[in-house]
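Quick notes on the structure that follows.
One-based numbering, in listed order, for ligands and for the atoms of each.
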Amino acid sequence: MSSVPFVTLNNGVKMPQLGFGVWQVPDEQATVAVGQALEAGYRSIDTAALYRNEEGTGKALAASGLPREELFVTTKLGNGDHGYDSALRAFDASLANLALDYVDLYLIHWPMPLDDNYVDTWKAFEKIYAEGRAKAIGVSNFKPAHLRRLLEETEVVPAINQIELHPNFPQAESRAFHSAHDIVTEAWSPLGQGKELLQDPELARVAAKHGVSPAQAVLRWHLQLGNVVIPKSVTPARIKENIDVFGFDLDDTDMETLGGLDNGTRLGGDPDNVNSR
Ligand code: NDP
């Protein structure tokens, strides 16, 4: 079984650098897929209220029989639940859905600029954190300007910012901002959603050189940059393949080749324009 290294968050909490994402996995299927991921050695699971599979995820966690302290569970606040009181209520609902009494990481899913309420929302997160019901708190899809405001107006520095990041969209500016402020970068859609990126001929050359798949080479690129990654798959062979990335290293040239695939392609929304609930 692969052994996944840990990153240490700015509050000392240790998080597996590679985890399993469940966006777009229906609730019942999430129980199966998360069960397969735990069996394959993943210990970190990334869900969200918006994914409507917290319950299915929680069932797999319980059925695994793994000690709670070996698991790292992330969920996220839904976009319709910004605001101090709403966030507290939504967090209670997520814990109940997951059938847990704490999560390891709780994230604001999107900043929701038209609501302009993420500062108050973060104050609710600080309360949840102070109560020990989330071992770490962070954000997702925050640009440096959103983060700067949190840093200026609130107490707790986010442990993580989970953002869209892959070789076609490597987010150099955000990564530099995060490292300057001791915020870990977590990459969503790390495989570029399994689309054009994985067909890239230069990526194919790097992968062939190491005798690995394009997905494995991309995951290795993330890990060597220091990103936390959460690839998603509902295919058992790929679930295993995506965690089998600790037996080879990309060299500087490989890293440059993959870094050179930046073509500015965003697969998801621009956080400045996402305001839907
Ligand atoms: P990924 O980049 O993880 O790609 C997933 C896709 O790639 C699926 O279609 C999967 O197919 C395919 N795939 C997986 N492994 C392989 C492989 N080894 N070879 C070829 N194809 C493969 O995309 P996601 O968008 O799912 O991102 C990962 C996670 O990030 C999400 O599940 C979620 O947890 C998080 N996320 C967070 C967001 C946010 O706003 N905070 C937004 C989007 C995602 P199949 O399943 O059929 O095997």
Contact (N/O only, under 3.5 Å) between K76 and ligand 1: no
Lys/Arg-Asp/Glu bridge criterion (N-O < 4.0 Å) met for K76, D46: yes
Taking atom 31 (C) of ligand 1 as the reference point, the nearest protein heavy atom with its distance: W23 CB, 3.5 Å
Residue and atom name of the nearest protein heavy atom (relative to atom 2 (O) of ligand 1), distance in Å to one decimal: L191 N, 2.8 Å
NZ/NE/NH1/NH2 to OD/OE distance under 4.0 Å, D244 and R238: no
Heteroatom distance test (L198, ligand 1): nitrogen or oxygen, under 3.5 angstrom: no
Region of S189 engaging ligand 1 - heavy atom pairs below 4.0 Å: both
Side-chain H-bond candidate by donor/acceptor type, H222 with Q224, under 3.5 Å: no
Min heavy-atom dist G192 to ligand 1 below 4.0 Å: yes
Per-atom contacts of ligand 1 with H109, taking only distances under 4.0 Å to non-hydrogen atoms: 39 (C), 40 (O), 41 (N)
Per-atom contacts of ligand 1 with T235, taking only distances under 4.0 Å to non-hydrogen atoms: 45 (P), 47 (O), 48 (O)
Single-linkage hydrophobic cluster, 4.5 Å side-chain cutoff, V139 and V119 together: yes
Protein contact to atom 26 (O) of ligand 1 [nearest heavy atom, distance to 0.1 Å]: K232 CB, 3.3 Å
Contacting atoms of ligand 1, where contact means under 4.0 angstrom from a heavy atom of D46: 33 (C), 34 (O), 35 (C)
D254 with R220: basic N within carboxylate O range, under 4.0 Å: no
Exercise: do T31 and K59 side chains pair donor with acceptor under 3.5 Å: no
Side chains of L50 and W23 in contact at under 4.5 Å (non-hydrogen atoms): no
Closest approach of any protein heavy atom to atom 29 (C) of ligand 1, naming residue and atom: I230 O, 3.2 Å
Atoms in ligand 1 with a heavy atom of A215 nearer than 4.0 Å: 17 (C), 18 (N), 19 (N)
Distance-only polar pair, side chains of Y51 and D27, donor-acceptor under 3.5 Å: no
Under 3.5 Å side-chain donor-acceptor pair for T47 and E54: no
Contact atoms of ligand 1, heavy-atom distance to G194 under 4.0 Å: 4 (O), 6 (C), 7 (O)
Polar side chain donor-acceptor pair, H178 to T185, under 3.5 angstrom: yes
F20 heavy atom under 4.0 Å from ligand 1: no
Under-4.0 Å salt bridge between E152 and R148: no
Nearest protein heavy atom with distance in Å, relative to atom 40 (O) of ligand 1: N141 ND2, 2.9 Å
Per-atom contacts, ligand 1 versus P190 - under 4.0 Å to a heavy atom: 2 (O), 3 (O), 27 (O), 28 (C)
From the candidates Y51, W110, W188, the one that places a heavy atom nearest atom 43 (C) of ligand 1: W188
Heavy-atom nearest neighbour in the protein, as seen from atom 15 (N) of ligand 1, with distance rounded to 0.1 Å: N242 ND2, 3.0 Å
Salt bridge present between D272 and K143 (N-O < 4.0 angstrom): yes
From E241, R238, Q162 - option closest to atom 11 (O) of ligand 1 by heavy atom: R238
Side-chain ion pair, D104 and K14, N-O less than 4.0 Å: no
Proximity to ligand 1 by part of Q193, non-hydrogen separation under 4.0 Å: both
Under 3.5 Å: N/O of P231 near N/O of ligand 1: no
